[in-house]
Amino acid sequence: MADSWIAQGFGLLSFVLALVCFYQKDDRRLKIMMVVMNLNHALHFYLLNAITSSLCCLFSAGRTAVSMRVKSLWIAAIFIILTVVIGYLTAQQWTDYLAIVAACLGCFALFCLTGIKMRVLLFAGSCLWLANNIIVGSIGGVLLEATVIVINISTIYRLHKQRFTREALTEHG
């Protein structure tokens, strides 16, 4: 029972880290916080014995760190292939593929997109992670993804509004 509480505690810490992460309008700060959150979340899933989810989070932390230095479809493809292979080798039920697809969406978003487009794809991945977290029983993970979905929508709106305001000023300035 204590192990379960410890696992859920790490999940709740991931929730707090996600709040800080997805509120960022700056892509670099978002990615730095995402690395920290994914490392913590990998430990959380490991403690819940959700090995595929844990490995997807570890790969997500690595790919996010690399994506801060490199923007490349080829590097994204390598991370996606590795995620699919490792996921296939560790998946024990069809629901494990939710985490694999979510990690692949995040990978493409971080390596190939920026701004609103990146956040829209991260939003789609969050929806899959939410389903995964419900299935594996991650309390912090459910709170994390539900909140990330709301925050991400808010940040997309703020970025869209900022871009619209900038364009309006340019037209009239």
Side-chain angles (χ1 to χ4, degrees), residues 1-24 27 29-68 75-111 113 118-153 155:
M1 184 68 168
D3 290 345
S4 176
W5 284 102
I6 292 169
Q8 295 299 347
F10 279 102
L12 291 172
L13 177 57
S14 290
F15 168 63
V16 172
L17 292 170
L19 293 176
V20 175
C21 175
F22 282 94
Y23 193 72
Q24 302 299 316
D27 289 357
R29 278 188 254 154
L30 173 131
K31 290 177 181 183
I32 291 168
M33 289 305 304
M34 192 178 284
V35 169
V36 174
M37 181 196 66
N38 276 314
L39 290 171
N40 184 76
H41 220 48
L43 178 57
H44 164 67
F45 281 129
Y46 177 79
L47 293 172
L48 286 177
N49 202 30
I51 303 305
T52 301
S53 298
S54 179
L55 289 173
C56 284
C57 284
L58 281 176
F59 267 76
S60 293
R63 63 109 211 264
T64 303
V66 171
S67 78
M68 287 190 288
I75 302 296
I78 291 168
F79 273 99
I80 289 170
I81 290 167
L82 286 172
T83 300
V84 168
V85 169
I86 296 298
Y88 176 77
L89 293 174
T90 62
Q92 297 176 352
Q93 54 195 9
W94 73 269
T95 56
D96 289 338
Y97 290 99
L98 295 170
I100 295 165
V101 173
C104 290
L105 289 175
C107 185
F108 183 80
L110 292 171
F111 277 103
L113 303 173
M118 177 181 68
R119 284 166 177 79
V120 167
L121 208 54
L122 291 173
F123 166 81
S126 289
C127 292
L128 293 172
W129 276 115
L130 177 61
N132 176 77
N133 293 341
I134 291 168
I135 292 165
V136 302
S138 169
I139 296 167
V142 169
L143 291 171
L144 182 158
E145 295 303 339
T147 304
V148 162
I149 288 168
V150 172
I151 291 173
N152 214 0
I153 289 170
T155 303

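On a predicted model such as this, the values are computed, not experimentally measured, just so you know. Values below: all heavy atoms of this structure, side chains included; hydrogens, waters and symmetry mates excluded.
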Rounded to the nearest 0.5 Å, what's the gap from CG on Leu13 to CD on Gln8? Could you check?
-> 13.0 Å
Looking only at atom types and distance, does a side-chain atom of Ser54 sit under 3.5 Å from a main-chain N or O of Ala50, one as donor and one as acceptor?
-> no
Close side-chain approach of Val142 and Leu130, heavy atoms under 4.5 Å | yes
Quick one: CG on Leu39 to CG on Leu58, what's the gap to the nearest 0.5 Å?
-> 6.5 Å
Of all heavy-atom pairs between Ala109 and Met118, which one has the smallest distance, and what is that distance?
-> O-CG, 3.5 Å
State, yes or no, whether a side-chain contact exists between Asp96 and Thr90 at a heavy-atom distance under 4.5 Å.
-> no
Sequence-distant partners of Asn132, side chain to side chain donor-acceptor pair (under 3.5 Å), two or more places apart = Ser53
CG/Asn133 to CG/Leu128 distance, rounded to the nearest 0.5 angstrom?
-> 11.0 Å
Contacts under 3.5 angstrom, residues 134-141 side chains, donor-acceptor by atom type, not counting sequence neighbours:
{"unit_1": "Ser138", "atom_1": "OG", "unit_2": "His44", "atom_2": "NE2", "d": "2.6"}
{"unit_1": "Ser138", "atom_1": "OG", "unit_2": "Gly141", "atom_2": "N", "d": "2.8"}

Closest non-hydrogen contact found for Gly87 with Ile100 is CA-CD1, 3.3 Å
Leu48 to Ala7 - nearest heavy-atom pair and separation | CD2-CB, 3.9 Å
Looking only at heavy atoms, the pair that brings Phe123 and Asn152 closest together is N-ND2, 3.5 Å
Nearest atoms (heavy-atom pairs only) where Cys56 meets Thr83 | SG-CG2, 4.3 Å
Should Leu19 and Val148 be marked as a side chain to side chain contact (heavy atoms under 4.5 Å, CB included) after you check the CA-CA gap, both sets of side-chain angles, and the distance that decides it?
-> CA-CA 7 Å; Leu19 293 176; Val148 162; over 6 Å; no
In sequence, state the C-alpha distance, the side-chain angles, and the governing distance for Met34 and Arg63, and then conclude on side chain to side chain contact (heavy atoms under 4.5 Å, CB included).
-> CA-CA 10 Å; Met34 192 178 284; Arg63 63 109 211 264; 4.0 Å; yes
Mind checking what makes side chain to side chain donor-acceptor pair (under 3.5 Å) contact with Thr64, not counting sequence neighbours?
-> none
If we only count heavy atoms from C-beta on, is the Arg119 to Asp27 side-chain gap below 4.5 Å?
-> yes
Could you label the plane-to-plane angle of the Phe79 and Phe59 rings as parallel, tilted or perpendicular, counting under 30° as parallel and over 60° as perpendicular?
-> perpendicular
Tyr97 vs Tyr88 side-chain heavy atoms within contact, under 4.5 Å | yes
Hey, what's the ring geometry for Trp129 with Phe45, parallel, tilted or perpendicular (30° and 60° as the breaks)?
-> parallel
Distance in Å, Ile86 CD1 paired with Ile51 CD1, rounded so as to fall on 0.5 Å steps | 13.0 Å
Once you round to the nearest 0.5 Å, how far does CG of Leu43 lie from OG of Ser14?
-> 8.5 Å
In short, Gly125 meets Ala102 closest at the heavy-atom pair O-CB, 3.5 Å
Answer yes or no: does atom CD of Gln92 have more than 12 heavy-atom neighbours from other residues, nucleotides or ligands under 6.0 Å?
-> no
OG on Ser126 to CG on Leu121, rounded to 0.5 Å | 10.0 Å
